[in-house]
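Here is the structure we will look at.
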Amino acid sequence: MLELENKTKRKLQKQICQVVLDHFEKQYTRELGDTWTNVRDVLTYPLCWQYAVLLNKFNQSAELKNTLHVKGYHPAFQGPLPYLPASLKCYIRRTPGRFPAQKHQAGQFHCNEYDDLRSRWLKKTIESFIPDPLTNLIMISKLDGTQIGDLKPELYDKILVDAPCSNDRSWLFSSDIQQATLRLIQRKELSFLQFQLLRSAIKALRPGGSLVYSTCTLSKAENSDVINLILNSCTNVMPVDISEMAKAVSQEFTFLSGTQQHELLVLPEKGRAWGPMYVAKLKKM
């Protein structure tokens, strides 16, 4: 526990990468205006961040909830919310912590991660959650996501495209300046990759199926621009209104105003330091 606390202190004291901050300053001042000032203050000050533990709905114990309470966590949502199952329990506090994963049962689904390191991490995470007899219901692959639509056309009922993105919060604390500079140069290519992944996902989706696209960046080029390009180029998809969902969780999350009804952009704010997180929902006709 002492070792974890020391790691936490070092994490909260990490240094901002000035190259990345300067780049974000120019782009997000242009895209977000005065809103960027408040967001920047939260992103660059880890002491005001929040950390969450999501309980396994198949394995919730009173003992674990008591432990969370003792460690300073409190429920993120004070009561049941529309669009969210009553069994979803999330606890938050202002410093990071670790808890053993809780195993649960799972339905059939396919997880794909092209990056080797992230794929190994994904496999370990799933194994920590899913009981051994049910692991055969879950397929983990390392396919090129841009090719899945051609390999598995109209196979899936629901798809989440958790796309590679700029990852603003992480990039701001890059320890390697050369790597950070390279990332910023390559950043321009991300939106094309994201578009390819989305187009492939739509091919893999059954008619009537739903697709959620998400990133953890504020970048308009990687968020709404990608979705608009998909909607303008794919005649078999339509946007799904998720504005009521935003109203249901507005007590805990701050959203950028002026977005379209099928998209949400979570903005970090003092006291509600979640994000950045962009979410858009589409349906295949």
key: Cluster link L43 to V19, ILVMFWY, side chain under 4.5 Å   =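 Hydrophobic grouping puts L43 with V19.
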key: Cluster link L122 to F109, ILVMFWY, side chain under 4.5 Å   =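 Yes; tracing contacts between hydrophobic side chains, which count when under 4.5 Å, links both residues.
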Is the side chain of [X] donor-acceptor paired with the backbone N or O of [Y] at a distance under 3.5 Å, no angle test?
{"X": "E263", "Y": "V279", "result": "no"}
{"X": "S170", "Y": "N167", "result": "no"}
{"X": "S200", "Y": "I148", "result": "yes"}
{"X": "S174", "Y": "D176", "result": "no"}
{"X": "N112", "Y": "I140", "result": "no"}
{"X": "Q260", "Y": "H262", "result": "no"}
{"X": "W274", "Y": "T254", "result": "no"}
{"X": "R120", "Y": "D115", "result": "no"}

ask   = Please, which pairs that meet salt bridge (charged side-chain N to carboxylate O under 4.0 Å, His left out) have at least one residue in residues 199-211, sequence neighbours excluded?
value =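 Output for this query lists D150-K203, D157-R206.
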With heavy-atom distances below 4.5 Å as the criterion, would you say the side chains of [X] and [Y] are in contact?
{"X": "I159", "Y": "V212", "result": "no"}
{"X": "C111", "Y": "M139", "result": "no"}
{"X": "T217", "Y": "P276", "result": "no"}
{"X": "Y28", "Y": "S219", "result": "yes"}
{"X": "L193", "Y": "Q196", "result": "yes"}
{"X": "Q194", "Y": "C165", "result": "yes"}
{"X": "R183", "Y": "W171", "result": "yes"}
{"X": "R169", "Y": "C216", "result": "no"}

inquiry  = Please verify the inter-ring angle class for Y156 with H110; under 30° counts as parallel, over 60° as perpendicular, anything in between as tilted.
reply    =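 The arrangement is tilted - the two ring planes meet at 30° to 60°.
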Does a sphere of radius 6.0 Å around [atom1] in [X] hold more than 12 heavy atoms from other residues, nucleotides or ligands, not counting ones at 6.0 Å or beyond?
{"X": "D34", "atom1": "CG", "value": "no"}
{"X": "L160", "atom1": "CG", "value": "yes"}
{"X": "Y114", "atom1": "OH", "value": "no"}
{"X": "K284", "atom1": "NZ", "value": "yes"}

ask   = Going through the checks in order, is the side-chain contact (heavy atoms from CB on, under 4.5 Å) test met by L267 and F253?
value = CA-CA 8 Å; L267 300 175; F253 297 97; over 6 Å; no
Closest approach of [X] to [Y] (non-hydrogen atoms, all atoms of both residues):
{"X": "L172", "Y": "T44", "value": "CD1-CG2, 4.4 Å"}
{"X": "A180", "Y": "C17", "value": "CB-SG, 3.7 Å"}
{"X": "S210", "Y": "K281", "value": "CB-CE, 3.9 Å"}
{"X": "R272", "Y": "S250", "value": "NH1-O, 2.6 Å"}
{"X": "F173", "Y": "P46", "value": "CZ-CG, 3.7 Å"}

Note: [X]-[Y] ion pair, threshold 4.0 Å (strictly below):
{"X": "E222", "Y": "R187", "answer": "yes"}
{"X": "E127", "Y": "K124", "answer": "no"}
{"X": "E31", "Y": "K220", "answer": "no"}
{"X": "K123", "Y": "D116", "answer": "no"}

inquiry  = Do R30 and W36 form a cation-pi contact, if we require the NZ or CZ to be under 6.0 Å from the six-membered ring centre and within 45 degrees of the ring's axis?
reply    =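 So R30 doesn't make the cation-pi contact.
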query = Going through the distances and angles, do L282 and L231 end up as a side-chain contact (heavy atoms from CB on, under 4.5 Å)?
reply = CA-CA 9 Å; L282 307 175; L231 289 172; 3.8 Å; yes
task = Go through K142 and R118 one step at a time and tell me if the side-chain contact (heavy atoms from CB on, under 4.5 Å) criterion holds.
result = CA-CA 10 Å; K142 293 172 56 180; R118 291 173 63 91; over 6 Å; no
inquiry  = Under the criterion side-chain contact (heavy atoms from CB on, under 4.5 Å), I'd like the reasoning laid out for Y278 against I227: C-alpha separation, chi angles, the key distance, then a yes or no.
reply    = CA-CA 11 Å; Y278 175 84; I227 292 297; 3.5 Å; yes
